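Here's the structure, in structure tokens; my notes come after.
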Amino acid sequence: LTAVVIPYEFDITTELGTNRVRVEHGSIQVVSADCPDQVCVDMGPISGGYVPIACVPHELVIDIISED
């Protein structure tokens, strides 16, 4: 994430649904999802490896793993 200079977004789509992910310098977040509870969107950006982003209805987990 520290190498990201220009922010970008991409979709993760499975048979369970779609999550739109935004990557910026130092952080990542789910900016939209078609799940009913929106917990993954409400979590906002994460920048460390302590708390992952989870979308339980879509079985998606985004976790940051450091090089250390």
Side-chain angles (χ1 to χ4, degrees):
L1 294 175
T2 57
V4 176
V5 177
I6 299 172
Y8 62 95
E9 295 183 359
F10 62 93
D11 291 331
I12 298 174
T13 302
T14 70
E15 66 279 353
L16 300 172
T18 300
N19 296 76
R20 181 133 188 102
V21 177
R22 180 169 178 83
V23 180
E24 297 181 351
H25 179 76
S27 69
I28 188 167
Q29 67 180 317
V30 175
V31 292
S32 66
D34 59 7
C35 59
D37 60 12
Q38 299 291 298
V39 171
C40 57
V41 177
D42 293 340
M43 290 186 72
I46 61 171
S47 58
Y50 299 109
V51 178
I53 297 172
C55 182
V56 175
H58 294 169
E59 298 177 0
L60 171 71
V61 175
I62 300 173
D63 199 5
I64 298 173
I65 299 173
S66 70
E67 293 177 4
D68 301 332

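Keep in mind the model is a prediction, meaning the values are calculated, not measured.
- The CD1 atom of Ile12 sits 5.0 Å away from the CD1 atom of Ile62 when rounded to the nearest 0.5 Å.
- For Asp42, there are no side chain to side chain donor-acceptor pair (under 3.5 Å) partners at least two apart in sequence or on another chain.
- Under a 4.5 Å side-chain heavy-atom cut-off, the cluster of Ile, Leu, Val, Met, Phe, Trp and Tyr residues that includes Ile6 is completed by Val5.
- A search for side-chain contact (heavy atoms from CB on, under 4.5 Å) contacts involving Asp37 returns Cys35, Val39, Pro57, not counting sequence neighbours.
- In this structure, Pro52 and Val61 approach most closely via the heavy-atom pair CB-CG1, 3.9 Å.
- Identified under the side-chain hydrogen bond (donor to acceptor under 3.5 Å, both in side chains) test for residues 16-30, with sequence neighbours left out: Glu9-Arg20, Glu9-Arg22, Asp11-Arg20, Thr13-Thr18, Asn19-His58, Arg22-Glu24.
- Partners of Ile46 by side-chain contact (heavy atoms from CB on, under 4.5 Å), not counting sequence neighbours, listed by chain and number: Ile28, Ile53, Ile64.
- Here Tyr8 pairs with Val4, Phe10, Val23 under the side-chain contact (heavy atoms from CB on, under 4.5 Å) rule; sequence neighbours left out.
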